[in-house]
> 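Quick one: structure below, then a few questions.
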There are 2 protein chains.
Amino acid sequence: MQDACEAREVLGIVGDKWALLVVRMLKDGPRRFTELKRSIDGISQRMLTATLRDLERDGIVIRTVVEVMPPHVSYELTTMGRTLREATAPLLEWSIEHLPHIATARAEYDDR
Amino acid sequence: MQDACEAREVLGIVGDKWALLVVRMLKDGPRRFTELKRSIDGISQRMLTATLRDLERDGIVIRTVVEVMPPHVSYELTTMGRTLREATAPLLEWSIEHLPHIATARAEYDDR
DNA sequence: CAGAATCCAAATTGATACTG
DNA sequence: CAGTATCAATTTGGATTCTG
């Protein structure tokens, strides 16, 4: 299993509780910190900050300070970030297709 | 963002630290508990048990007690489990392709 | 607005020992 | 072999307060 190492590394990125949610929010272009905060239900500003910094560190998002009045901070996907987003698309489709089935399986399992 | 809910649910499955690693180990057919334990480096037997139970509960793996001597327990992917495995394949390819780039980005970031 | 810093509660996890 | 049970340690995360 020579690629087990790769699999684990990528899990450090996508396995993060919020990372893929943030990537998804950025798929249609740049978003501001507050926009992200508002649109990702339940995320604290602490976690959003941490998630964004990790993604920035990994070269998946770019952080830009926009010097208008009032100034704000904009985040957008890098080229690599967009390829990541594309690579996760099948997973989202899978979830939309199978989640009902999973709910059923789970309910049956819990009945026993 | 009407599918945010789906995205979050699926993260509850794939976002698990070990789940995808287990699914990957099962891609070529059934494996026994101990085989999985050995081949997934660093997993404790506690975590393997918990991960397998979650996957079983969600209808992604099947647990079978094999009544030979000595008896053992076999795990294999369900049909749905195999579709999940296929849906995660692009992500693995992505990781193999981009991980070096991520390492670079990370190193540069940390230098500052 | 976009964070940083601090504090604290809760959830995860590993190590270990035990069992049918 | 394939777990379960328990405990301790670490991590994680939320709430809150403060700042350029």
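Quick note on labels: first sequence line is chain A, next is B, and so on, each numbered from 1.
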> If you group Ile, Leu, Val, Met, Phe, Trp and Tyr by side-chain heavy-atom gaps below 4.5 Å, do Val65(A) and Tyr109(B) land in one group?
no
> Starting at atom CZ of Arg63(B), determine the distance to atom P of dA2(D), rounded to an integer number of angstrom.
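So the CZ-P distance, Arg63(B) to dA2(D), works out to 10 Å.
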> Would you say Tyr75(B) reaches dG3(D)'s phosphate, i.e. side-chain N/O to OP1/OP2 under 4.0 Å?
yes
> Would you say Thr78(A)'s side chain and Gly81(A)'s backbone share a donor-acceptor pair under 3.5 angstrom?
yes
> What residues in residues 43-55 of chain B put a non-hydrogen atom under 4.0 Å from any atom of DNA chain D?
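Nucleic-acid contacts, sorted: Gln45(B), Arg46(B), Thr49(B), Arg53(B).
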> Kindly compute the distance separating CG (Asp111(B)) from CZ (Arg106(B)), expressed to the nearest 0.5 Å.
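Here the interatomic distance stands at 13.5 Å.
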> NZ of Lys37(B) versus C1' of dA15(C): gap in Å, rounded?
11 Å
> Trp18(B) has an atom CH2; how far is it from atom P of dT13(C), in whole Å?
9 Å
> Using whole Å, what does the distance between atom C1' of nucleotide dT10(D) and atom NZ of Lys17(B) come to?
11 Å
> With a cut-off of 6.0 Å (strictly less than), are more than 12 heavy atoms of other residues, nucleotides or ligands near NE2 of His72(A)?
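Yes, because the 6.0 Å sphere around NE2 of His72(A) holds more than 12 heavy atoms from other groups.
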> Would you say Ile62(A) ends up clustered with Leu36(A) if hydrophobic residues are merged whenever their side chains have heavy atoms under 4.5 Å apart, either directly or through other cluster members?
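No, separate clusters.
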> What is the distance, to the nearest angstrom, from the CG atom on Asp41(A) to the P atom on dG13(D)?
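Between P of dG13(D) and CG of Asp41(A): 16 Å.
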> Got a donor-acceptor contact below 3.5 angstrom from the Thr51(B) side chain to the Ala19(B) backbone?
no
